[in-house]
2 protein chains.
Amino acid sequence: MNKKYSIKDIAELSGVSVATVSRVINNNGRFSEETRKKVLKVIKKTGYQTNFSAKNLRMNKSFSVGILVPDISNYFFANVVQKIEKILFNRGYSTFICNTARDENKELAYLKMLESKGVDGLIIISGAKAFDISKLNSPNKIPFVCIDRKPKDRSNTVFIGSDHYQGAFDATNSLFQAGCKFPIIASHNRSSSSAVDRLNGFKDALSKNGLDFDSSRNQIVITTNDSTNAIDLLLKENPQIDGFFAINDSIATNVLSSLLRLGKEIPKDIKIIGFDDEPQDIHSYPTLSSVKQDTDKIAQVTVDNIIGLIDHTAITGESITIPVKLIQRDSSL
Amino acid sequence: MNKKYSIKDIAELSGVSVATVSRVINNNGRFSEETRKKVLKVIKKTGYQTNFSAKNLRMNKSFSVGILVPDISNYFFANVVQKIEKILFNRGYSTFICNTARDENKELAYLKMLESKGVDGLIIISGAKAFDISKLNSPNKIPFVCIDRKPKDRSNTVFIGSDHYQGAFDATNSLFQAGCKFPIIASHNRSSSSAVDRLNGFKDALSKNGLDFDSSRNQIVITTNDSTNAIDLLLKENPQIDGFFAINDSIATNVLSSLLRLGKEIPKDIKIIGFDDEPQDIHSYPTLSSVKQDTDKIAQVTVDNIIGLIDHTAITGESITIPVKLIQRDSSL
DNA sequence: TTGTAAGCGTTATCAC
DNA sequence: GTGATAACGCTTACAA
């Protein structure tokens, strides 16, 4: 064999017209059972496969979607992207995964490319700035859903996010319940909307337990890898600190090892809870408590909505919050 | 505006023919400087973008490649995929990232889909079984390169891999140099080619230091999450064990926490070295030594080769080994 | 129930 | 240096 089989080849081989073959393949229109069998047999024998470029061109639909993700080597992102991709594949869509590295220019370049490739929909994950689709010059706007990223114009998208506020609130509150008197929050210096929500949850849990939030004493921003000194300093100034709610597990792990290095006993002296429930949490010593996001649910809801928007069976303007779950392990007992 | 601009629109708006517009866009064939300016101006004003479906159909080329990866939430894979995708994007290619979950059926389904979408090339990462492209019925075989995965037929691909053997050898050897008398290897139960190479490196380092490899005493297979008991047992039977070379950092972290739980002091009682140099290695306590793969290099070489194969400027049959580097941290001092 | 043919947006061949 | 036009493989009126 010397070239790929086309519908025309199948038509000739099975003695029908291309139109009929197309109808059989897509199971639309009418045709006799006999014809169906005949055509399918030839398709099977030849191993014919649809040429999607042609199909896309004709139908103006690509059966592909693009995902913009800030950092695919981050566990949470990788996990949710992986699940989305799987569900999309099972529903006949393929996925362009684009790693924006939190770079706005890159993001725009990717969007242009995705538009040019004719993706049917867009999934936008996280990122610091509000997402603005109007940068695209596509006239018939590509439908998109946002995960954890507030869009500039909420009315033309679906927003999906974990209940970061509640997760942070529950985690912090559980520190109090475990006996902490003065927990603090350890965060990074990016201000994504999820980070803001988590901070608010922390603050409200503080005030519920009779403490006022003071950013100089109740918060530490972990920037460099050598955070041990920063933590040491803060602990010396505020010896009453006896708990950490970390905005993610990477920071939690960082804090944990710093504290161990400073000779603290965990959880006896200081308790820690992280966020995202990364796999290595069960392998840290002590095992790390964490707030788990329901990535299965997030992925499912995301796919349902983007395909819904593509098929015009879903509507924009929705905002969906997915519950989270606090996983208690040794670090906060 | 109500529909996307096509070349035809650009042609009308700039008063030339579609052929000329195409020539200008692709900068091939001849046209006057004046025409070029005129056309480009219209393109800029309209925000015209190539319709890739049409271009693909006509040229029988899609400017896209597919990546088969076993598990994108594994740090090493995510990292190398991310870098490959970035370089490909900069060279005008977009990437379908397919998570096979080490499932052969899924893999085949993905391959069929990628073939159908008309990808120009394939990048196959890792996996236990040898890769067999002949499962595809594409006549004009799609070029592919393999990373860390031995292809069934080596002659029609390019094989790229880290020097797993050397990494394992160096790591093990350095355990001896640090004073270990009886190091063992901690591995998983998958037999990828890289795992085999690492095991061989370990064995040879053992024999170089006068020890014979005995799988019942020099090797532990970490299967479940509750590996602490297994390790405890082995240590009781073989109290001379004073070093672990773990086949990856996940297992290393697992071993490390188990040992701490068993009251061992690291690195005083037992030293540990992992593989892959994951980011959290510097956040474990003690910090974890590890063999670092050169993902930048791997990604660059991979892209050079796959594009080379696509453009017929590279040849198959090559086998490229990328050096690795042992990063010493506290766990093996 | 099936066939014919137009057309999707490109590129490439050929003519001028 | 430029323009007509065929062709890529498919879907879908419209005919039969």
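Within every chain, numbering begins at 1; the chains are lettered A, B, ... in the order of the sequence lines, protein sequences first and strands thereafter. Treat the numbers as computed from the prediction; the structure is a model and nothing was measured. No hydrogens, no waters, no symmetry mates; every other heavy atom, side chains included, goes into these values.
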Starting at the 5' end of DNA chain D, which residue's closest nucleotide do you reach first, B:S32 or A:T20?
B:S32
Whole-Å distance separating the CG atom of B:L13 from the C1' atom of C:dG9
16 Å
Verify the contact: side-chain N or O of [X] to OP1 or OP2 of [N], cut-off strictly under 4.0 Å; return yes or no.
X	N	result
B:N26	C:dT11	yes
A:K55	D:dT11	yes
B:S22	C:dT11	yes
A:S17	C:dT2	no
A:T50	D:dG9	no
B:R30	D:dG1	yes
B:Y48	C:dT10	yes

Below 6.0 angstrom between ring centroids: does that apply to A:F144 and A:F131?
yes
Reckon A:T35 touches a base, only the sugar-phosphate, or nothing at all at heavy-atom distances under 4.0 Å?
sugar-phosphate
Heavy-atom closest contact (B:R102 atom, B:F77 atom, distance):
NH2-CE1, 4.3 Å
For A:G161 and A:D148, work out which heavy atoms get closest and say how close.
CA-OD1, 3.5 Å
Nucleotide nearest A:L57 (side chain, heavy atoms from C-beta), chosen from D:dT5, C:dC8, C:dG3:
C:dC8
Between B:D311 and B:T313 (side chain of the first, backbone of the second, donor and acceptor by atom type, cut-off under 3.5 Å), is there such a pair?
no
